[in-house]
Amino acid sequence: MDNTITAAKAAPLLLEWYDRHHRELPWRVSPSMARQGVVANPYHIWMSEVMLQQTTVQAVKAYFEKFLALWPSVEDLAAADNEDVMKAWAGLGYYARARNLKKCAEAVARNHGGHFPDTEEGLKALPGIGDYTAAAVAAIAFNRQSAVLDGNVERVVSRLYAIETPLPAAKPEMRGLVAALTPADRPGDFAQAMMDLGATICTPKRPACSLCPFRPHCLALSVADPETFPRKAKKKDKPLRLGAAFVAIDARDTVYLRKRGETGLLGGMTEVPGTAWTARQDGDTSVAAQPFAAAWEDCGTISHVFTHFELRLSVYRANVARAETGDDGWWEPVSSLKAQALPTVMKKAIAQAIPDAFKAER
DNA sequence: CACACGTGGAT
DNA sequence: TATCCAAGTGT
């Protein structure tokens, strides 16, 4: 007997589960709040969705609160200094998101009177908003019946229908299935419910199928091991790249920093001088690659894993007079390094040269 | 379609 | 330790 779920049954089942078991999140209007007349703030929903791209809820919470405190409205963010936005985003990763966040805020403030477009199409035309985020903001903030497909939903749907096509080829099929399931009533809650289900019940490993509202209808559970869905190709292994980083300190306990170019890896972020990061094992990562002459002391190496390569950086430290550096950067007190737009890899390098650089006592 | 693009937590 | 992966987007 075919127990495949029908569109008419899916939403009520899932929304009933969501009303009882939804997560409380800082940017979310819970069902009980909605009953009291609270409506979603599109600025908050957009901000959270951009931060949540490939990023855990846990990591996002503090950044979300910080950004709202610094820039309470989209006009505030549009008027902010680019550099301040990059400083506030430092540590969250995927820094193109921060650059696009600022551009998007400027576009909304300048071209849309400070109001986000309320359609998928309008939203998707903005920087940093793609298929997923456009659908999510349209559904959650504007109650549009849009098909929201993220990693969680892909997992839920792939199991519900035991989809054998591997990702990402299966995405169009999955989007069609989600579109068929999405209700006209509470489409935003439906989307959030699918994501909550994927995050808390239909998890990548050891899913809690006994607690799942879709359990009677899940094809993967009935015919196979749900854990094996979604199918996806194996990832390539990461090559190793080598480089050197030079931490120059002057007599007043300040460090020489530079700003990276606006595009590419860590674009627009702050760094210490260093070599290019080469895949060549014979690249010069020795003190000979120094950016300026000094009595460089070998501080050992640090490792950092990026999305598509692993980096091993040789770190050097020296006491340097201000006049001996170039003029492509600036001197920053060690005590204020924490507030700089330093990506994690640079904080690691500096901490290797100055172990207490980021300690609270400073 | 394939690849570039960060980081930290879980197993 | 190795691997996966978390509310993806841009090119």
Side-chain angles (χ1 to χ4, degrees), chain A residues 22-23 25-28 44-64 86 89-101 103-104 123-141 146-156 166-172 175 178 188 190-200 202-206 227-228 230 232-239 241 260-269 271 277 303-311 341-348:
Chain A
H22 65 84
R23 290 177 290 177
L25 300 172
W27 48 85
R28 172 175 285 176
H44 296 188
I45 300 303
W46 162 75
M47 177 79 72
S48 66
E49 290 301 342
V50 173
M51 288 183 169
L52 285 163
Q53 291 166 7
Q54 296 290 286
T55 307
T56 57
V57 165
Q58 179 58 33
V60 164
K61 284 180 178 171
Y63 283 84
F64 176 80
M86 300 313 287
W89 196 277
L92 198 55
Y94 283 140
Y95 297 100
R97 291 185 296 170
R99 302 193 296 271
N100 285 330
L101 188 83
K103 288 180 193 163
C104 183
L123 288 160
K124 206 186 161 184
L126 293 166
I129 298 186
D131 288 338
Y132 162 75
T133 304
V137 174
I140 298 169
S146 46
V148 176
L149 185 65
D150 79 321
N152 289 303
V153 182
E154 286 169 2
R155 191 165 54 252
V156 171
L167 287 169
K171 283 185 75 168
R175 195 180 310 281
V178 173
F190 179 83
Q192 295 180 91
M194 287 288 276
M195 294 189 282
D196 274 21
L197 188 70
T200 64
C202 196
T203 50
K205 293 167 186 170
R206 298 169 57 98
E227 269 191 47
T228 63
K232 53 178 72 174
K234 204 169 213 173
K235 293 192 170 58
K236 299 185 308 183
D237 46 43
K238 300 178 198 292
R241 294 190 195 177
R260 295 173 65 90
E262 290 298 330
T263 60
L265 186 69
L266 308 178
M269 299 296 285
E271 66 175 4
W277 301 338
S303 287
H304 189 76
V305 180
F306 291 95
T307 308
H308 52 298
F309 67 92
E310 179 182 352
L311 177 66
L342 289 164
T344 297
V345 63
M346 288 299 156
K347 289 183 178 174
K348 281 189 192 175

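Note that the structure is predicted; figures quoted are calculated from it, not measured. Just so it is clear: chains get the letters A, B, ... in the order the sequence lines come, proteins before strands, and each one is counted from 1.
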When the C1' atoms of B:dC5 and C:dA6 are compared, how many Å lie between them, rounded to an integer? 15 Å
Can you tell me how far apart CG (A:L149) and CE (A:M194) are? Round to the nearest 0.5 Å. 8.5 Å
Rounded P spacing from C:dA7 to B:dC3 in Å: 24 Å
Can we call the ring centroids of A:H304 and A:F306 under 6.0 Å apart? yes
With DNA chain B as reference, determine whether A:G91 or A:K236 sits nearer its 5' end, using the nearest nucleotide of each. A:K236
Between CH2 on residue A:W89 and CG on residue A:L101, distance to nearest 0.5 Å: 5.5 Å
Can you tell me how far SG of A:C104 sits from CZ of A:R97, rounded to the nearest 0.5 angstrom? 14.0 Å
Minimum-distance pair of heavy atoms, taken over all atoms of A:A135 and A:A147: CB-O, 3.4 Å
Using a 4.0 Å heavy-atom cut-off, write out nucleotides 6-11 of chain C from 5' to 3' as B (base contacted by protein), S (sugar-phosphate only) or - (no contact). BBBSS-
Could you tell me how far C:dG10 sits from B:dC1 if I compare only their C1' atoms? Round to whole Å. 14 Å
Set out, in order, the CA-CA distance, both residues' side-chain angles and the distance that settles side chain to side chain contact (heavy atoms under 4.5 Å, CB included) for A:L52 and A:F64, then state yes or no. CA-CA 10 Å; A:L52 285 163; A:F64 176 80; over 6 Å; no
Touch check for A:V305, heavy atoms < 4.0 angstrom, all strands: base, sugar-phosphate only, or nothing? base
Of all heavy-atom pairs linking A:A59 and A:L92, the shortest is O-CD1, 4.1 Å
For a quick check under 3.5 Å, do A:Q53 and A:Y132 share a side-chain donor-acceptor pair by atom type? no
One should read off an interatomic distance between A:M346 CE and A:R260 CZ, to the nearest 0.5 angstrom, of 5.5 Å
Pairs: protein N or O with nucleotides 1-3 of chain C N or O, under 3.5 Å:
none

Distance between P atoms of C:dT9 and B:dG8 (Å, rounded): 22 Å
Pairwise distance CD(A:E271) to CG(A:L266) - rounded to 0.5 angstrom: 8.5 Å
Classify A:L92 by what it touches in the nucleic acid, base, sugar-phosphate, or nothing, heavy-atom distance under 4.0 Å. base
Between which nucleotides of DNA chain B, 5' to 3', does chain A make heavy-atom contacts below 4.0 Å? B:dC3 to B:dG8
Do you know which two heavy atoms are closest between A:K61 and A:L25, and how far apart they sit? CE-CD2, 4.1 Å
